[in-house]
Amino acid sequence: MALLVRFAVLVVLAAAHGAVGQTGFLSIDCGLELDNTTSTTRGYKDPDEGIFYVADGGYVDGGENHRVAADQEKGHFRSDLTVRSFPSGVRNCYALPTVAGTKYLVRVVAIYGNYDGKNSSSSIQFELHLGVNYWDTVRADGDEVYEAMFVAWAGWLGTGVPRQHRRRHAVRVVPDDPYDRYWWQMRSDPLWMNKSTGSTIKQNSKFAVPSHVMQTAVEGVSNGTIIKVTRQDKTANKFMIFAHFADFQDSELRRFNVSINDIEPSLQISPPYLSTGTASNTEWYSTKNGMYTITLVATSASKLPPMLNAFEIYTLIPNDNPMTFETN
Ligand SMILES: *[C@@H]1O[C@H](CO)[C@@H](O)[C@H](O)[C@H]1NC(C)=O
Ligand SMILES: *[C@@H]1O[C@H](CO)[C@@H](O)[C@H](O)[C@H]1NC(C)=O
Ligand SMILES: *[C@@H]1O[C@H](CO)[C@@H](O)[C@H](O)[C@H]1NC(C)=O
Ligand SMILES: *[C@@H]1O[C@H](CO)[C@@H](O)[C@H](O)[C@H]1NC(C)=O
Ligand SMILES: *[C@@H]1O[C@H](CO)[C@@H](O)[C@H](O)[C@H]1NC(C)=O
């Protein structure tokens, strides 16, 4: 099952498994005014996304509805165009239905779109909490997407237990993931080249990274290039990284060391040909300054530079709830 909220906020709640199709998803178009003069009594199916959105009125108390400015509509889905803003109240809450013991992915999309006519997104900043736990801080200066995974211990997300906060990166954005994971575009770097293949990449059943995601990669510009991917998340102190590799050629040796924050001895790998291999830390790592680094260094025997197709970073949301319920 899955839960999605759009702020020109959109909330999508999806159970983390079997999230294919619409069953198990709740997609909420925040700020949507339902027109009771038509048959559209619950919501609408977005023709571009193929997703059925319901209005947020039944899931939230308070707030007021707005629309993004007409000149900001271009390039957005319909669900991005309406906004619920909360000018009053210390905390404003969406209560979302969940089934205890079920694993969920919740995604919040926050788009400013000059909905207030002030043309100043920098004035908008607020915290997201899952239950009583701090999740992330929204700075609506772009089209921002926030995701968390959690196992519900009660019937409503308002009291759910969050587990992991995820950020995921691929060389390009691909929305057709069997588990509804979002894949963001990797930043570019002058020391990286783009590589791609038209061949299908075999999925690893454990991580199920879509072939589309694995068909593009970055490669160091030369044998000696060290690929270093760095992120900082100052609010998180425990993290888990999954780096996904697949080679597009098998005629020459490509071998490199993968290390994550230089915590463990580095792992020496040769990416499998047209098939996905994954390197990850074996347990949650701690970091004081919130820095996470993946470092790829070619070994002396390698004929080719290191490469990276995609990676996922999960950070642990501290769980301050007095009660916990965890499953794997
Ligand atoms: C639509 O809703 C408005 C406000 O709640 C109400 O006054 C009106 O009678 C409703 N129209 C219909 C056709 O139900
Ligand atoms: C909004 O601000 C930007 C600069 O931040 C400016 O380029 C743009 O013209 C402004 N738009 C309006 C409608 O005032
Ligand atoms: C690689 O692809 C990305 C995404 O399309 C692009 O932004 C970047 O400029 C490309 N880098 C090179 C070196 O072509
Ligand atoms: C790669 O890692 C191994 C240990 O796993 C180490 O012995 C070797 O020196 C490393 N090579 C490079 C180029 O960092
Ligand atoms: C990498 O080194 C090998 C020899 O060790 C050489 O054949 C190859 O051309 C080099 N590739 C690049 C991209 O420098």
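For clarity, every value in this text was computed on a predicted model and none was experimentally measured. When a ligand or atom number is given, it counts from 1 through the structure's own listing order.
- For CG of D61, the number of neighbouring non-hydrogen atoms (other residues, nucleotides, ligands) closer than 6.0 Å is 12 at most.
- Using cut-offs of 30° and 60° on the angle between ring planes, the pair F242 and F207 is tilted.
- Ionic pairing of R254 and D247 is present here: one or more N-O contacts between side-chain nitrogen and carboxylate oxygen are shorter than 4.0 angstrom.
- Of the polar atoms of N257, at least one N or O is found under 3.5 Å from an N or O of ligand 4, judged by distance alone.
- Interface of Q185 with ligand 3, defined as ligand atoms under 4.0 Å from a residue heavy atom, comprises 4 (C).
- Considering both main-chain and side-chain atoms, N194 comes within under 3.5 Å of ligand 3 through a nitrogen or oxygen pair.
- Within ligand 3, the atoms closer than 4.0 Å to a non-hydrogen atom of S188 are 8 (C), numbered from 1 in the order shown.
- Ligand 3 does not have M193 within reach: every non-hydrogen atom of the residue lies 4.0 Å or more from it.
- Distance check on atom 9 (O) of ligand 4: every protein heavy atom falls at or beyond the 4.0 Å cut-off.
- Selection from A298, S266, S300 by nearest heavy atom to atom 4 (C) of ligand 4 gives S266.
- Ring pair H66/Y115 is tilted by interplanar angle, where 30° to 60° counts as tilted.
- Taking a distance limit of 4.0 Å, we find that atom 14 (O) of ligand 4 is approached by some protein heavy atom.
- Ring centroids of Y94 and Y59 are separated by 6.0 Å or more, keeping the two rings apart.
- In terms of heavy-atom proximity, R84 sits nearest to G62 at NH1-O, 2.8 Å.
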